[in-house]
Amino acid sequence: MKNIRNENRILIILAFFSISIGLWTNFRQLWLQDNNFSVTQISNIMSIGALLSIIGIALIGRYITLNKLKKTITFILIIKFINMLLLYYLNGTNQVEIIKLSIIADIVMEYIIITSIYPLITTIVKSNTIYSKRKLTEYLFKDIGILFGGIFIGKSIAGILVNYNVCLIVSNIFLIISIIAMLNIRIEHTKEKKQIKNKMIKYILNSKIMILYLLYNFIGAIAMNTALGLKMLTLTNYFNFSDNIATNYLLIVGLIADGIGILALKYLTPKNDYITITIKFGIRFIGYIIAFMSNNLIITLIAITWSLLISTAYENICDGVYINRIENDYQLSFANVRYIIKFLGEAIGVAFCGIMYESGLRYMFGLSAIFMIFQIGLAYYLIYLRRGEKAQNE
């Protein structure tokens with residue numbers, strides 16, 4: 001890896017980590033269901049994990065500088081590896097409370113690592129393109145993890161039946177590769193302004209655009225997870241897909257989505273940002289409304305498919321353009337604030353998803369559509385503000 005630039009080395013680490021979480025998180029809900037957890041319990045565990053990750057991210061933002069970020073990520077990766085070994089041995093036991101705590105810890109550490117990768121990259125380089133590359137790397141290699149699960153789940157290899165627990169341990173192998181890769185890179189120390197964290201809130205509050213962007217993130221996370229926070233349970237229980245078919249469906253859709261994301265980044269991003277937002281969110285909104293009104297499984301599956309297909313496209317317009325407004329000195333602190341707000345929205349969305357799941361499939365998408373009205377409105381208004389700002393500066 002000597003001739004590979006440091007930012008690409010970090011993307012390679014992210015790739016192995018994403019394979020690990022793609023393989024494990026795809027089956028995590030079903031692993032819990034196999035251990036006699038109800039849908040409501042699973043929803044609550046995921047929601048609590050997202051909420052507690054906020055505390056972890058806040059602590060990282062308060063006490064960890066960019067110069068210490070690599071060591072911190074490495075330490076958390078190692079703890080996650082140990083925790084997943086524990087989960088492997090807890091499978092099929094009656095240690096309900098320990099399983100709950102271990103799953104919650106797993107979610108918290110996963111979110112902290114995902115949160116910290118881009119700030120680590122910005123110590124080397126920052127651009128809308130590298131931000132999209134970071135997101136596409138995460139999405140693409142998550143799908144590769146899902147691919148491994150889809151190929152081997154339920155099959156017998158060397159006399160070993162590949163079940164959810166075997167997928168967990170294979171996931172841990174990819175995790176250890178990412179740890180080894182992280183240990184073998186060197187990040188140059190950066191100069192950081194004193195008391196930068198104390199100025200972060202003031203820095204955000206001085207920008208109307210950034211305040212509204214964070215609100216857009218919050219509502220968007222609620223909308224997405226209200227509909228799709230329990231994907232595997234939805235596909236296996238409502239659509240009666242087997243775990244293999246559900247995995248292959250998510251894999252195929254995810255890989256196509258990655259391709260669309262790459263094409264959109266290079267060729268398909270419209271000059272008119274309003275068109276971009278309409279393509280990404282407007283069609284999804286219409287699909288959710290039709291799914292709610294028709295209460296038809298085929299139409300609902302089409303709505304889910306479109307939502308997943310477009311999820312990786314236009315990250316440079318929807319997020320990168322705002323994130324890269326932030327000065328490098330504030331990147332880590334801002335990333336922490338952004339993900340805290342996003343994960344709070346995710347926790348609320350998953351909780352809503354669990355409640356609506358018990359009421360009926362259509363209500364998950366109906367409630368999500370309500371939140372999307374505000375999300376799309378904010379997205380359009382942010383474009384309006386950016387254009388006004390640009391006109392004033394010219």
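- If you chain together hydrophobic residues whose side chains sit under 4.5 Å apart, Ile153 and Leu161 never meet in one group.
- In this structure, CG on Leu90 lies 9.0 Å from CG on Asn83, to the nearest 0.5 angstrom.
- When side chains are defined from C-beta on, Leu301 does not count as touching Ile298, because their heavy atoms never get closer than 4.5 Å.
- Here the shortest heavy-atom pairing between Ala50 and Ala347 reads CB-CB, 3.7 Å.
- Taking CD1 of Ile260 as the reference point, atom OG of Ser311 lies at 9.0 Å (rounded to 0.5 Å).
- Between the OG1 atom of Thr234 and the CG atom of Leu361 there is a distance of 6.5 Å, given to the nearest 0.5 Å.
- At distances below 3.5 Å, at least one donor-acceptor pair connects side-chain atoms of Ser20 with backbone N or O atoms of Ser171.
- No donor-acceptor distance shorter than 3.5 angstrom exists from the side chain of Ser368 to the backbone of Met364, with no hydrogens or angles considered.
- Taking CD1 of Ile289 as the reference point, atom CD1 of Ile370 lies at 7.5 Å (rounded to 0.5 Å).
- Using a 4.5 Å heavy-atom threshold, the side chains of Trp24 and Trp31 count as touching.
- If you check the side chains of Thr247 and Asn26, you find a donor sitting under 3.5 Å from an acceptor.
- In this structure a side-chain-to-backbone donor-acceptor pair under 3.5 Å is missing from Asn91 to Asn165.
- Phe17 is not listed as a side-chain neighbour of Phe174, based on a closest heavy-atom distance of 4.5 Å or more.
- The same ILVMFWY cluster, assembled from side-chain heavy atoms under 4.5 Å apart, contains both Phe75 and Ile112.
- For the pair Leu77/Ser178, a side-chain contact is recorded, criterion being any heavy-atom separation below 4.5 Å from C-beta on.
- Nearest heavy atoms, Gln375 versus Ala223: OE1-CB, 4.0 Å.
- Neither side chain, Asn217 nor Tyr339, offers a donor N or O lying under 3.5 Å from an acceptor on the other.
- Under the 4.5 Å side-chain criterion, counting only non-hydrogen atoms from C-beta, Leu308 is in contact with Lys231.
- The closest side-chain heavy-atom distance from Val170 to Leu23 is below 4.5 Å.
- Although no hydrogens or angles enter the test, the distance criterion places no donor-acceptor pair under 3.5 Å between the side chain of Thr226 and the main chain of Cys353.
- Under a hydrophobic-cluster definition in which Ile, Leu, Val, Met, Phe, Trp and Tyr are linked whenever side-chain heavy atoms come within less than 4.5 Å, directly or via other members, Ile302 and Met372 are assigned to different clusters.
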(Q) Let's go through Ile169 and Leu85 carefully: what are the C-alpha distance in whole Å and the side-chain angles of both, what is the deciding distance for side-chain contact (heavy atoms from CB on, under 4.5 Å) to 0.1 Å, and is it a yes or a no? (A) CA-CA 7 Å; Ile169 205 67; Leu85 284 178; 3.6 Å; yes
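- Listed by first then second residue, pairs satisfying ring pair (Phe, Tyr, Trp, His ring centres under 6.0 Å) with a partner in residues 272-304 read Tyr274-Tyr380, Tyr288-Phe365, not counting sequence neighbours.
- Checked by atom type and distance alone, the side chain of Arg284 pairs as donor or acceptor with a backbone atom of Ser307 at under 3.5 Å.
- The main-chain N or O of Met84 is never found under 3.5 Å from a side-chain atom of Asn172 such that the two would form a donor-acceptor pair.
- Ile21 has its side chain out of reach of Leu175: every pair of non-hydrogen atoms, C-beta onward, lies at least 4.5 Å apart.
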(Q) Applying side-chain contact (heavy atoms from CB on, under 4.5 Å) to Leu235 and Leu250, what does each step give before you reach the verdict? (A) CA-CA 10 Å; Leu235 292 172; Leu250 291 175; 3.9 Å; yes
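- Closest approach of Ile42 and Gln33 over heavy atoms only: CD1-N, 3.9 Å.
- For Asn295 (side chain) and Ala291 (main-chain N/O), no donor-acceptor pair under 3.5 Å exists by modelled atom type.
- Other residues, nucleotides and ligands contribute over 12 non-hydrogen atoms within 6.0 Å of the OH atom of Tyr111.
- Here the closest non-hydrogen pair linking Ala246 and Thr236 is CB-CG2, 4.1 Å.
- Counting heavy atoms from C-beta on, the side chains of Lys208 and Leu382 never come closer than 4.5 Å.
- Across Val108, Ile57, Ile348, a single residue satisfies side chain to side chain contact (heavy atoms under 4.5 Å, CB included) together with Phe343, and that is Ile57.
- The one candidate from Leu101, Ile104, Ile107, Ile103 that meets the side chain to side chain contact (heavy atoms under 4.5 Å, CB included) condition with Ile48 is Ile104.
- At least one cation-pi condition fails for Arg134 and Tyr139: the charged atom is not both under 6.0 angstrom from the six-membered ring centre and inside a 45 degree cone around its axis.
- The two atoms that bring Asp143 and Leu255 nearest to each other are OD2-N, 3.4 Å, heavy atoms only.
- Here Arg28 pairs with Asp106, Glu110 under the salt bridge (Lys or Arg N to Asp or Glu O under 4.0 Å) rule; sequence neighbours left out.
- A donor-acceptor pair is defined here as one N or O able to donate and one able to accept, closer than 3.5 Å; such a pair exists between the side chain of Gln41 and the backbone of Ser38.
- In terms of modelled atom types and a separation under 3.5 Å, the side chain of Ser18 and the main chain of Phe141 share no donor-acceptor contact.
- Classification of the Phe239-Phe241 ring pair by plane angle, with boundaries at 30° and 60°, yields tilted.
- For an aromatic pair to be called close, the ring centres must be under 6.0 Å apart, and Tyr363 with Tyr357 fails this.
- Taking each heavy atom of Ser43 and Leu230 in turn, the nearest pair found is CB-CD1, 4.3 Å.
- Under the 4.5 Å side-chain heavy-atom criterion for Ile, Leu, Val, Met, Phe, Trp and Tyr, Ile113 and Leu59 are members of the same hydrophobic cluster.
- The closest donor-acceptor contact from the side chain of Asn248 to the backbone of Asn244 lies under 3.5 Å.
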Q: Show your reasoning for whether side-chain contact (heavy atoms from CB on, under 4.5 Å) applies to Thr278 and Ile283.
A: CA-CA 7 Å; Thr278 302; Ile283 298 174; 5.5 Å; no
Q: May I have the step-by-step check of side-chain contact (heavy atoms from CB on, under 4.5 Å) for Asn225 and Met46, ending in yes or no?
A: CA-CA 11 Å; Asn225 285 280; Met46 293 178 65; over 6 Å; no
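- Atom CD1 in Ile299 sits 7.0 Å away from atom CD1 in Ile290 (nearest 0.5 Å).
- To the nearest 0.5 Å, atom NZ of residue Lys71 and atom CE of residue Met182 are 13.5 Å apart.
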